[in-house]
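Chain letters run A, B, ... following the sequence lines, proteins first, then strands; residues in each count from 1.
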Amino acid sequence: MRLLVVEDEDLLRARLVKALEDNSYVVDSASNGKTALFQAGEYGYDAAIIDLGLPELDGISLIKAIRAKGLVFPILILTARDKWTDKVGGLDAGADDYVVKPFQIEEIRARLNALLRRAAGFAKPSLEFAHISLDTTAKKLTVSSVEVELTAFEYKVLEYLMLHPGKVISKTELTEHLYEQDHDRDSNVLEVFIRRLRQKLDPDEQLKPIDTIRGQGYRFNVPANKR
Amino acid sequence: MSQPTSVDAPYSMRRRLVLAFGVLLVVFLGLAGYALDRAYQRSIAAAVAERLQLQVYALLGVAEPDGNKFFLPDLEEARFTQIDSGLYGFIFDRNGRELWRSPSALSLSLDHALMLSSKMQPGQTNYGQTSAGEQGTLAWASYRTYWEALGQYFYFVVMESTAPTDSQIEEFESTLYMWFGALTVLLSIAQYYFLRWGLQPLQQLALDVSAIESGKQDQLQQHYPSELVPVTENLNLLIKSERERQNHFRTMLGNLAHSLKTPLAVLSTALQEAKSDGEFTDEHRKDMSDQLQRMDQIVSYQLKRAVKTNQAVLARPVALAPVITKLVGALQKVYRDKATKVLFEMAAEVQFYGDESDLMELCGNVLDNAFKYGHTLVQVKASQKGKALLLEVNDDGNGIAESDRHYVLQRGARADTVKSGQGIGLAVVTEIVSAYGGELRIERSEWGGASIKLRLG
């Protein structure tokens, strides 16, 4: 999942970026509204965390501008002001949730998780497809009620595919959303991960949950149980 | 109290009134004087005309024609016979030839052409004034008559010096001016005292206010006229609420400072302990994290409590419905997973007399609790009773245990004694409700959840 973090306080931004990266997110950051608006239009993000008190272009205006560009990724507001007037102002402008400063990183992680899941249309924290269930809170995969071990990167690939079921995801999109920008992007590595995931999800090769669409990418093709 | 010294400062009320009355006085007395003077002059002129007319008739009565001349042997009016007496008589024929003049007019030389007009009807009298050298100005009456026996037209002219009437008018005018001058002085003095008397309550008000400023008294104490009572009553309310606000902030600041001291002390001892132990254990970390969380809670609670507490003094009404709609929209976004159903029972015209952000804070906290702790249902009921707003928010959650209710309703509960969750939101609500002199009750809703009932104002 690729995130955009917009915060003008350097120390807080650095800590936030590190904490989110530790949580397997790919994170870009900006220290002011103008840069953030440019980045938001330029790269496809899965979600953004925006501080309301920003220099040049304030948070509310940035959110409005992002929405005006037709970008619909979920936005989480960070605010030092926890008056309802401020919260309602941010949510009205187009944000989806808020976290009041100071915050625990676990809270940000939980809210982000919920936002990403909701954006994909899932109401519950676990993504369930036939007998496959991915718990996005505990980051656990169970297949036929049996817990299956996943590496951090396997989890990221599977979560991304499951959050976009039925949609063909190109290798480029996957690498963009799952790798750091300066990471060595070897598509062969991705194929290895997909192969391993297929084995873990469908050892009997009956369900075949991940299709390979030649020349286009991959598709998670199992219909969701209930959203 | 400092006076505004700006060059654009408006005229003082006293100056305005003095100017207005002054202009009125001058215009009124001036016009009245002019009118009286004119009326007097007219009446004098009428009296002169009447007198001249009578003298003309007197001449007519005694005139005896003799050839081309007239004889008037039995003149009763002695002034006709004394030289330069001021009363003169003439008889002219139709061509303006003088046929007779009274003995008084022997030395009089004048141009009489103007007095004789052929356009005059027989029996008509014309009046006028003419200048006659040494004799001064003369008022004249010219009467045209037809003498049947002679078959001719004649003009009978009587003139009278205006000197006596002029001096009469002068005397009248000087008396008039003297009286009007006295009247002006008298009215001006009266005006000064009237203004002083009329504006005295305002002066009293200024003194009263400066007594409050210097701390000699708490409220405006004097009895004021009914026109000022709405102002003084509101001023008293404003002063009271401002004083309460100051006390409120002082208490709040004190509470904030004191309640931060405990976690600071714990932090400090944890640090010292870690220093003396030579290592930073998980226990230390937990201690510090707990205290930081506590401090954060204290700060956010005190910030939220910072309501205006103006008790709706001079408050403009705020419509409730738009505030509720905004909040419900925002909360439905935040609690989207729950798909909470919201039932409304409120009229569009329900209003809150107070600050909009206080209303937003109050409704925000109550609704947030309802969304957070309710399962799938939130109900908002609102109605108006005079200036008071009645608000009820119900949910279908587990409700608030009766044993916890009194705890939540304590006013001014310090942040470090307020439980997080439902408690902190409702503590803020209690604070706002109390600032507006309202009432808050916690009951059980018909679905078994919490029912928060508020009366504001």
Side-chain angles (χ1 to χ4, degrees), chain A residues 12 15 19 47 52-53 60 63 67 72-108 110-128 135-137 226-227, chain B residues 263 285-286 288-308 318 322-340 355-372 376 415 420 424-425 428-429 432:
Chain A
L12 186 58
R15 292 255 162 88
L52 283 190
I60 300 268
I63 295 168
R67 292 303 186 222
V72 293
F73 56 76
I75 295 175
L76 179 65
I77 314 172
L78 290 184
T79 171
R81 297 175 173 273
D82 63 345
K83 291 260 179 192
W84 278 98
T85 315
D86 303 306
K87 294 178 197 168
V88 169
L91 293 168
D92 250 8
D96 299 271
D97 203 353
Y98 61 86
V99 171
V100 177
K101 288 181 186 175
F103 47 80
Q104 302 279 322
I105 196 68
E106 286 76 20
E107 193 179 355
I108 301 261
R111 297 286 181 97
L112 261 182
N113 228 336
L115 285 182
L116 289 167
R117 180 165 53 68
R118 275 193 220 150
F122 293 90
K124 286 191 215 156
S126 61
L127 316 180
E128 288 173 13
D135 183 339
T136 58
T137 314
K226 193 184 171 188
R227 292 189 174 189
Chain B
R285 243 175 236 119
K286 189 181 174 304
M288 294 184 78
S289 158
D290 284 352
Q291 295 314 313
L292 283 173
Q293 215 173 336
R294 197 170 156 193
M295 286 164 80
D296 172 37
Q297 195 182 334
I298 291 167
V299 170
S300 75
Y301 171 71
Q302 295 291 5
L303 273 177
K304 283 188 171 192
R305 281 180 60 196
V307 293
K308 299 237 184 307
V318 182
V323 171
I324 297 282
T325 312
K326 265 190 200 170
L327 280 166
V328 166
L331 287 166
Q332 274 178 330
K333 217 172 193 180
V334 174
Y335 296 99
R336 196 181 301 166
D337 287 350
K338 282 190 160 179
T340 304
D355 183 74
E356 187 172 357
S357 66
D358 284 351
L359 180 67
M360 183 77 98
E361 202 54 33
L362 186 138
C363 295
N365 281 306
V366 175
L367 285 170
D368 186 39
N369 276 345
F371 270 82
K372 198 184 286 171
T376 53
S420 58
I424 193 155
V428 170
V429 172
I432 299 174

* Check whether more than 12 heavy atoms from other residues, nucleotides or ligands sit under 6.0 Å from atom CZ of A/R67, and answer yes or no. => yes
* Point-to-point distance, once rounded to the nearest 0.5 Å, from NZ of A/K87 to NZ of B/K333 ->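 Answer rounded to 0.5 Å: 15.0 Å.
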* Asked: Which residue, B/L367, B/N365, B/L362, forms the side-chain contact (heavy atoms from CB on, under 4.5 Å) with A/W84?
  -> B/N365
* Within the side chain of B/K326, is there an N or O that forms a donor-acceptor pair under 3.5 Å with the backbone of A/V88? ->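 Checking the backbone N and O of A/V88 against the side chain of B/K326, no donor-acceptor pair under 3.5 Å is found.
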* By side-chain contact (heavy atoms from CB on, under 4.5 Å) - contacts of B/D296 (at least two apart) -> A/P102
* Structure fact -> Contacts of A/T137 meeting side-chain contact (heavy atoms from CB on, under 4.5 Å) (sequence neighbours excluded), chain-then-number -> A/P125, A/D135
* **SB check B/R336 A/D96 (cutoff 4.0 Å)** =>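 Yes, B/R336 and A/D96 are salt-bridged.
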* To do: Evaluate the side-chain contact (heavy atoms from CB on, under 4.5 Å) criterion for residues B/E356 and A/T85: first the C-alpha distance (whole Å), next the side-chain angles of each, then the deciding distance (0.1 Å), finally the verdict.
  => CA-CA 9 Å; B/E356 187 172 357; A/T85 315; over 6 Å; no
* Pick whichever of A/R111, A/R117, A/K101 has the most heavy-atom pairs under 4.5 Å with chain B. => A/R117
